[in-house]
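Have a look at the structure below, then the notes.
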Amino acid sequence: MSETDGAMLVIAGAGSGKTRVLTYRAAYLIHEKKVPPESIMAITFTNKAAEEMRERIIDLIGKRRYHPWVGTFHRTCANILRNYGPAVGLSDRFTVFDDSEQLAVIKRVMKNNNIDPKPYNPRSFLHRISRAKSHLITPEEFEESANDDFSKKILTVYTQYQMALREQNAFDFDDLLFEACLLLDNHRPTREILQAQYEHLLVDEFQDINPAQYRFIQLIVNPEHKNVFVVGDDDQAIYGWRYADPKFIDKFLDDFKPVNVIKLEDNYRSTDPILKVANEIIRQKTWGIEKTLRTNISGEDPPEFYFRQSEVDEAYFVAETIKEYIDEGGDYGDVVVLYRMNAQSRSFEEVFGRLGLPFQIIGGLRFYQRMEIKDILSYFRILVNDRDRPSLERAINTPKRGIGDKSKDKIFEFMVKNEFGLFDLVENKDDLIEKGLAPSIAKRLPPFLELMGRFRDKSRKLEHVKLLEWIIDKIEYEELLKAEGTYEADARLDNLNELKGAFKSFQEEYPGEGIDRFLEQVSLVSDLDSYQEKTSKITMMTLHSAKGLEFNVVFLPGLEENFLPHSRSQESPKELDEERRLFYVGVTRAKRYLYISCARNRRFRGQSLPQDPSRFLTEIPRDLIKGLEAIEISYRKSMEEPLSISWGSKKKKRVEDDWDIADTEEMPSDAEPIVTRIGSRKKKEKTQVKSEFKVGNTIKHPTFGEGKIIKINPAGGDDNFITIRFEKGVGIKMLSEQKAPLEKI
DNA sequence: CCTCTGGGTATTTTT
DNA sequence: TACCCAGAGG
């Protein structure tokens, strides 16, 4: 018996070097215990974390012929299903449906069953189904507890939703876990192969594990040796909404006993004043493992609190503070702005854009979710799985081939009845009418079928990039976009080029690997994975995405009731606790400087509403955060003036608020996150002021690059709005002459 | 079949 | 604000 045998749990406080613990464990097993690298499986939640762990392990053990398997739960399960599924008759060419595709299936099923989407929100069905699947509850098992009317409806939808997915040879995210568990559970040979192969299992972020994931761990760990090493921090559990439950920590202690438990409370990241605040936040928790973080890093800079008039003012405060940091020699890459919701990035995007601060946004709309990318990839997805309905629906009428919703429904009906995939249609294209397809449709289908036939032939000869170019060319997709002539279309063209780049690097990295691997990679990546650590840009992301990262300077704006804690989480103490942990996660990202702020009024969904500072701030002793007394003043004010009286409307508007008056005929799109969005308020009369620039001048902007001035008009005061057409997909922007750092060239 | 418009409404977080 | 969807009209 050695010290690496058996189960081990590491409770690793924020900043205590969790990743380090895992990577060193792997390296130790390989170096000292002579465990073959390929006998180790390490599981994380994000691809980003997996990538980082893989790199760090390689740094420690050097490049070898075999490496440990490092992957997310989802990717690991997908891999197992592809490799071992065929043994039990599952196809290895399944498609993974994303959120929007799942929703489309749900909506269709609801329609077929005459369930009105008005009173019954399709999302709530999806949510309930996902909950069932995450608890490994099959439709049959669900039936037993479906007593009330609503549950019965869910049962119907769940049952047919699963049937629809299977018909299309598709899995959703939850299926990957569920099906992998079923496979391991029901197919002993597979289970034994995997249990024998992976002598050691390492699991990261154990506090965020859901029942299916826990079951997966139980199934993959060799029951004799129980070599499982898990690392987590119950104080950073923030995925309850995905059915994660930190109480699995307790279950783990029981199921795998004896478990060796280690608690890490030394923080190597933050200064003492920051950690004091963090400890104070977590002290409020009602359950969990007690711990108090300690650090040796002293610091004279306490966290600071700022209270601003509006979300725009708040963004200006952040921008100014960042500028000071840069002036003192800091780097933009050290700075992060963390918010609760993606929508909160707006004010920062606009203000940073105006002031010329470089930034990158993580999250929001993802690259592979974009229309143009999905359009093109749908052709490839059909190649892998010709029953993938969402892809068929897209491809069949992109470009327009005169086949609308009605026709599509008929075609799919026909396909399902004959158990046809698309390539069966291709093979039978001459006698579709005989087989019962409406002639009006059968007549319009051949060009598409011929194209797909040729596409499949080409796919056997051409390398990936060439094949991509071939299909884009054949469907004249770029011409289509060019003809549009909008800036949005320009951005889409850029994205296509980026896609070509992605194909190319895949081809180089995995020569000889089929396109299905690429597609799988694509379907399982999140936007966080594209986060670039090394760029010299301010990073903006949600608190959820920030877990596991650290920054020298952290801004936590919007610390207000209904934002943090979020309005949807105020009902139960459990959810409230999770919000508090989110705050904790935010605070503990900071190494040296931490700025917390609130706005008195915040514009959200088109209207500005008065805000109250977050209750979490009232829980912190005032002397731990500089300027925190300001919240007292706020509460006094709201006593005098009931909250229903809006501040915003009566007050004189700030100049900045008027900046988004648009009078350009061409509006930039919001396709690129970096784009400044322009509002739609009516133009007001302003007097002309002299400008340093002329229409036609070429200028340079640090964020947007070079551009040509196409319009100058007064902004009131002594400022002008300069409308500039920037190069390459940045599009047209209207900037303030006074504030924007424009340089004539 | 396709495109445009206006009304209604609200995902918070992500694999 | 921004998206989705139904309905109208070409």
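As a basis for the values below, the full set of heavy atoms in this structure was taken, side chains included, without hydrogen atoms, waters or symmetry mates.
- The side chain to side chain donor-acceptor pair (under 3.5 Å) check on Arg54(A) picks up nothing, with sequence neighbours excluded.
- Listed by first then second residue, pairs satisfying salt bridge (Lys or Arg N to Asp or Glu O under 4.0 Å) with a partner in residues 389-405 of chain A read Arg108(A)-Glu393(A), Asp375(A)-Arg394(A), Arg389(A)-Glu393(A), Arg389(A)-Asp409(A), not counting sequence neighbours.
- Applying the side chain to side chain donor-acceptor pair (under 3.5 Å) rule to His135(A) yields no partners; only residues at least two apart in sequence or on another chain are considered.
- Closest-nucleotide positions on DNA chain B for Asp174(A) and Glu579(A) were compared, and the one nearer the 5' end corresponds to Glu579(A).
- In Lys285(A), the NZ atom is crowded: over 12 heavy atoms of neighbouring residues, nucleotides or ligands sit closer than 6.0 Å.
- In this view, Glu575(A) and Ser569(A), Ser572(A) satisfy the side-chain contact (heavy atoms from CB on, under 4.5 Å) rule, not counting sequence neighbours.
- With sequence neighbours excluded, the residues that form a salt bridge (charged side-chain N to carboxylate O under 4.0 Å, His left out) with Asp208(A) are Lys547(A).
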With the criterion being N/O to N/O and under 3.5 Å, what pairs connect the protein with nucleotides 4-10 of chain C, and how long is each?
{"from": "dC5(C)", "atom 1": "OP1", "to": "Lys107(A)", "atom 2": "NZ", "distance (Å)": "2.6"}

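- Bounding nucleotides for the chain A contact on DNA chain B, 5' to 3', at a heavy-atom distance below 4.0 Å, are dC1(B) to dT15(B).
- Using a 4.0 Å heavy-atom criterion, one finds that Ser545(A) contacts the sugar-phosphate atoms exclusively.
- Screening residues 120-137 of chain A for salt bridge (Lys or Arg N to Asp or Glu O under 4.0 Å), with sequence neighbours left out, gives Asp99(A)-Arg123(A), Lys133(A)-Asp172(A), Lys133(A)-Asp175(A).
- By the side-chain contact (heavy atoms from CB on, under 4.5 Å) test, Thr539(A) is found to be paired with Val336(A), Gln360(A), Ile362(A), Tyr531(A), Met541(A), Phe551(A), residues two or more places apart in sequence or in another chain being considered.
- Residues meeting the side chain to side chain donor-acceptor pair (under 3.5 Å) test with Glu578(A), sequence neighbours left out: none.
- On the C1' atoms, dC5(C) is 23 Å away from dT12(B), given to the nearest whole Å.
- With sequence neighbours left out, Ala42(A) forms a side-chain contact (heavy atoms from CB on, under 4.5 Å) with Met53(A), Val70(A), Leu202(A).
- Within the nucleic acid shown, Asn397(A) comes within 4.0 Å of sugar-phosphate atoms alone, with no base atom in reach, counting heavy atoms only.
- Considering only heavy atoms from C-beta on, Gln236(A) stays 4.5 Å or farther from Glu205(A) through its side chain.
- Checking Arg123(A) against Phe173(A), the closest nucleotide of DNA chain B that is more toward the 5' end is the one next to Arg123(A).
- For DNA chain B, the residues of residues 233-246 of chain A within the heavy-atom distance limit of 4.0 Å (strictly under) are Tyr239(A), Trp241(A), Arg242(A), sorted by number.
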